[in-house]
Structure formats: structure tokens, C-alpha cells
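A quick write-up on the structure given underneath.
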Number of protein chains: 2
Amino acid sequence: MTSVEEPARPNGRIRDAARTRAEILDVATQEFARAGFTGARVDEIAARTRTTKRMIYYYFGGKEQLFTAVLERAYSVIRETEQQLDVEHLDPVAAIRRLAELTFDHHEAHPDFIRLVSIENIHEAEHIAASAELGKIGSPALDVIGRILASGRESGLFTADVDAVDLHAMISSFCFFRVANRHTFGALFGRDLVAADQREHYRTMLGDMVIAYLTAERAAD
Amino acid sequence: MTSVEEPARPNGRIRDAARTRAEILDVATQEFARAGFTGARVDEIAARTRTTKRMIYYYFGGKEQLFTAVLERAYSVIRETEQQLDVEHLDPVAAIRRLAELTFDHHEAHPDFIRLVSIENIHEAEHIAASAELGKIGSPALDVIGRILASGRESGLFTADVDAVDLHAMISSFCFFRVANRHTFGALFGRDLVAADQREHYRTMLGDMVIAYLTAERAAD
DNA sequence: TAGCTAACGTACTAGTTCGTACATTAGTGA
DNA sequence: TCACTAATGTACGAACTAGTACGTTAGCTA
């Protein structure tokens with residue numbers, strides 16, 4: 001390389017705290033999702049940023065806090081998505097199916113988020129516990145589910161004895177497993193749960209499952 | 001400490017290759033499950049063994065191969081459990097419910113295995129791919145499910161259009177999620193999915209869900 | 001325009017961590 | 001009982017990695 005340096009600015013140093021901070025978070029999200037908390041390298045995150053490692057410590061304090069910030073942002077994305085839920089104008093059966101489909105879509109669209117959740121569980125949710133922000137979020141979806149369930153039970157359509165949290169767990173289970181365990185499942189059973197041409201199949205399967213559960217005829221107890 | 005050493009043997013060195021190897025695998029399973037692949041420390045595994053780090057490299061070659069060996073043994077445990085499945089004398093509905101319950105029980109009884117699977121998925125199943133043994137196992141449970149499904153469809157009890165692999169995924173999803181995501185779910189929604197007094201509730205819920213799905217009346221297509 | 005500070009960069013270090021070179025010994029078979 | 005090898009232990013090193021001490025500058029404001 002000859003003496004040709006940066007064109008105008010000798011250092012190219014531009015100050016933009018918000019951009020720097022956001023860029024660190026973006027890259028950190030990828031790196032943590034790629035390699036896990038311990039496997040992620042602070043130097044690697046810094047290298048893939050337009051700034052330096054020093055800035056990670058300047059803005060976040062350390063690797064742990066950076067991971068917490070990554071989780072906080074990832075969860076805030078779902079919250080925002082859930083706040084835009086608009087299914088309550090549908091009848092209960094259609095509303096639940098639609099909600100399940102949106103959950104399905106969100107999981108599929110955010111594999112990095114799924115990986116972060118897996119990683120956080122390996123660490124027994126210690127970062128969530130350490131976050132003032134994440135403790136008290138409460139899922140907007142939960143309220144929606146609760147209202148649909150009540151309405152469905154009132155009209156006699158839903159017979160199952162579940163509350164919103166359990167139904168949310170049921171729906172999330174399937175969506176989460178499909179994305180999170182894609183690799184081992186594929187390696188062991190030779191089936192790619194996230195194959196594009198099977199997407200509709202699994203999306204329908206989830207809806208059928210949830211609706212069948214909610215509307216099944218139960219033995220009187 | 002005074003000069004009191006080992007009672008009889010000056011070094012206490014006993015040779016038992018099988019025991020040493022097994023002990024390393026036991027401790028490694030715990031350590032990998034505790035901290036993830038990268039987070040696990042080879043020195044820590046060695047320290048909690050009656051042998052030394054040298055032996056880990058002697059028997060397994062390295063950290064990667066040790067993790068692969070841990071996975072191989074963990075999967076072999078399920079395979080053995082599945083081989084003892086004895087549900088085909090039941091009617092299809094009872095058989096599937098029983099099978100779901102056994103899957104539920106196995107997940108609950110082996111949280112370390114669940115963690116290993118999560119970890120292996122973070123690493124995109126590269127160790128399973130590298131294992132000659134793990135590639136071609138094929139689940140005994142899958143055959144059982146396949147036969148029950150066929151029998152259930154024949155007798156008109158089952159209406160759902162699923163194969164054994166998909167049904168296995170559905171059952172596993174719920175069991176896996178409940179254990180694997182216990183911590184984040186608990187932190188975010190304030191509900192412990194693995195609480196002892198809720199065990200029957202979730203076990204029943206799983207069975208109800210699967211049976212409802214399989215036996216639901218479907219719109220003619 | 002001078003000065004101040006938030007924002008940024010460089011260079012380094014202390015501690016860790018996987019892996020190995022080398023030495024040793026228990027137990028077995030000739 | 002002697003020799004041979006599988007099994008084991010010790011000590012060490014090279015590379016990595018989180019974190020920091022210290023110096024610099026852009027851009028705002030008085």
C-alpha cells in the first residue's frame with residue numbers, strides 16, 4: 001500500500017454516540033448469538049465495528065452488561081411487535097389461530113433472538129435477573145390471549161381449562177423448538193423443520209393443534 | 001497438615017481405564033451442561049476427577065472430542081429408554097398418551113441432557129455431524145409412533161395428517177421448552193414450568209393437546 | 001476563539017486456558 | 001522375574017482474552 005490514506009479526513013473520526021452504541025449492539029447480538037456468551041469475543045465484536053473495544057467498555061461497562069443490553073433490546077422488539085397485535089376483532093377461534101401464526105412468524109424471522117434465549121437459559125437467566133428493565137415487562141400478548149380465552153369460554157367454544165400463560169407456553173414451545181433445535185433434529189431425523197417448503201405445513205399444524213386442544217370435548221370431571 | 005499421607009499406597013495410583021474414562025465423561029457432562037461448550041473448562045473437569053487433565057487428552061484427544069463423546073453417551077441413554085417402550089398393547093389413544101407422558105418424564109429426569117442439546121444447537125450440531133456413531137442412530141420411538149399412528153388411522157380414531165417425525169417434534173417441543181426455557185420463562189412471566197406441584201397439570205395438558213390434535217374433526221379438504 | 005468535556009483511539013497487562021513434552025509406574029505375559 | 005506397554009502424573013508454555021491506563025480530538029458553548 002502506498003501513501004494514499006483517507007481522502008479528506010486524516011483520521012475519519014466522526015462523533016456519533018447513538019450510532020456507535022447501536023452499532024456495538026448490532027454486532028454484539030450477532031456475535032453472542034453465534035458463539036454463546038462465553039464463546040463470544042469482545043475483541044471480535046470490536047473488530048467488526050467501526051469503533052474500538054474501548055468504546056464497548058465506555059458504553060456498557062463489560063461483557064456481562066453488554067449481553068444484558070443485547071437481551072434488553074431483543075426483548076423490546078417482541079414487545080413492540082406484540083403491541084401491534086390486532087386480532088380481537090376476530091372470533092375467538094380465528095383470533096387464537098392468528099395469534100399462533102404471528103408467534104410462529106416472529107420466531108422464524110428472528111433466529112438470533114431464539115439463540116439468545118437459549119444462551120440465557122444455559123446461564124439460568126442471570127442477566128434477565130440482573131436487568132431492572134427486563135424484570136417488569138409483562139407480555140402484551142398475554143393480555144390479548146387472556147381476553148380471547150375469556151371470550152371463547154363464555155361463548156362455549158373453548159372447553160379447555162388453561163390460562164393465558166400456559167397457552168402462551170404451548171404456542172411458544174412449538175415455535176421455539178422448531179427454530180432452536182433445528183440442527184440437532186435435522187441431524188438425527190433427517191428433517192429440516194425450517195425448510196421453506198414445509199413452512200405452511202408446520203404453521204397449519206400449530207394452529208390445528210392449539211385449536212383442537214382448546215375446543216376438544218372433554219370428559220366431565 | 002502433618003505427615004499423615006495415604007494409608008497403604010504411597011501414591012494411591014490404581015489403574016482402571018474403564019473407570020477413569022467413565023468418570024471423566026460423568027464430570028464432563030456436568031461441566032458442559034453447566035457452562036456450555038466454550039464456557040466449560042478442561043482444567044475444571046480434570047480437577048473434579050480422580051485423575052488428571054492429561055488423561056482427558058489421552059482418552060478423548062481434546063475438548064471437542066470430549067464433548068462429542070458426552071453427547072454420544074447422552075443420546076445412547078434415550079435410545080435405551082426408548083427401546084424399552086411398551087405401549088403397543090394399548091389402544092392407539094392410550095398408547096400415544098402414554099408415550100407422550102414417558103417423553104415428558106424423560107425430559108424432566110434429564111435436564112443436563114436438555115442443556116447439552118441446547119448447547120449443541122448453538123453450535124449448529126457440528127459435533128453430531130462429526131460423530132460417526134450419532135449420525136445413524138434413528139430413534140426407536142419413531143418406529144413405535146409410526147405403528148400407533150397407522151393403527152389409529154386405520155380404526156378411524158386419528159384424523160390428523162401427520163407422520164411420526166412431526167408428531168415426535170410436537171411432543172418433544174412441549175417437553176423440551178418446559179425444561180430448557182424454564183429460567184427465562186420464569187423470570188419473564190413469573191411461572192415456574194417445572195414446579196413440582198404443577199407437574200401433573202402440564203403432563204395432562206401435553207396428553208390432552210396431542211390427543212385433541214390427533215382426533216379432532218377436520219374440515220373435509 | 002478559547003476552553004471544556006463527551007467521545008474516541010492505542011498500547012499494554014494480568015490472568016487464564018488449551019494443549020503437550022517428558023517422566024513414571026502398575027500390571028501382564030513370556 | 002523380567003521386560004514391555006497401557007495407563008498415569010508433573011510441569012510447563014504459547015496463545016488468547018477481558019479489561020485498563022493513558023493520551024487525543026471533535027464539536028459545543030461561553
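Letters A, B, ... mirror the listed sequences (proteins, then strands); counts begin at 1.
One atom, CD of B:Gln65, and another, C1' of C:dC18, lie 12 Å apart when rounded to the nearest Å. Between B:Leu66 atom CG and C:dG19 atom P the separation is 10 Å, expressed in whole Å. Atom CZ of A:Phe60 is separated from atom C1' of C:dC8 by 15 Å (rounded to the nearest Å). If you measure from atom CZ of A:Arg15 to atom C1' of D:dA26, you get 4 Å, rounded to the nearest angstrom. C:dA7 atom P lies 17 Å from atom CZ of A:Arg50, rounded to whole Å. Atom CE of A:Met55 and atom P of C:dT10 are 11 Å apart (whole Å).
Only A:Asp16, A:Ala17, A:Thr20, listed by number, bring a heavy atom of residues 16-27 of chain A to less than 4.0 angstrom from any atom of DNA chain C.
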Starting from the C-alpha separation in whole Å, work towards a yes-or-no answer on side-chain contact (heavy atoms from CB on, under 4.5 Å) for B:Glu124 and A:Arg182.
CA-CA 8 Å; B:Glu124 300 184 347; A:Arg182 166 186 194 177; over 6 Å; no
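Considering only side-chain N and O atoms, B:Tyr59 lies under 4.0 angstrom from the phosphate OP1 or OP2 of D:dT8.
Side-chain contact of A:Gln198 with A:Arg191: a donor-acceptor pair under 3.5 Å is absent, judged by distance alone. No side-chain N or O of B:Thr51 forms a donor-acceptor pair with one of B:Glu23 less than 3.5 Å apart.
Summarising the geometry of B:Leu149 relative to B:Val162, their closest heavy-atom pair is CD1-O, 3.7 Å, with the distance given to 0.1 Å.
The shortest side-chain heavy-atom distance between B:Lys63 and B:Arg41 falls under the 4.5 Å cut-off. Here the side chains of B:Leu193 and B:Phe177 are in contact, with some heavy-atom distance below 4.5 Å. Looking only at side-chain heavy atoms (C-beta outward), B:Glu64 and B:His123 stay at 4.5 Å or farther from each other.
Residue-level contact check: A:Thr51 touches the backbone only, with heavy atoms under 4.0 Å from sugar-phosphate atoms and none from bases.
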Protein-to-nucleotide contact annotation, 5' to 3' order, nucleotides 13-20 of chain D [B base; S sugar-phosphate only; - none; under 4.0 Å, heavy atom]
----SBBB
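Residue B:Ile148 holds its CD1 atom at 4.5 Å from CD1 of B:Ile96, rounded to the nearest 0.5 Å.
The aromatic rings of A:Phe37 and A:His127 are tilted relative to each other, their planes meeting at an angle between 30° and 60°.
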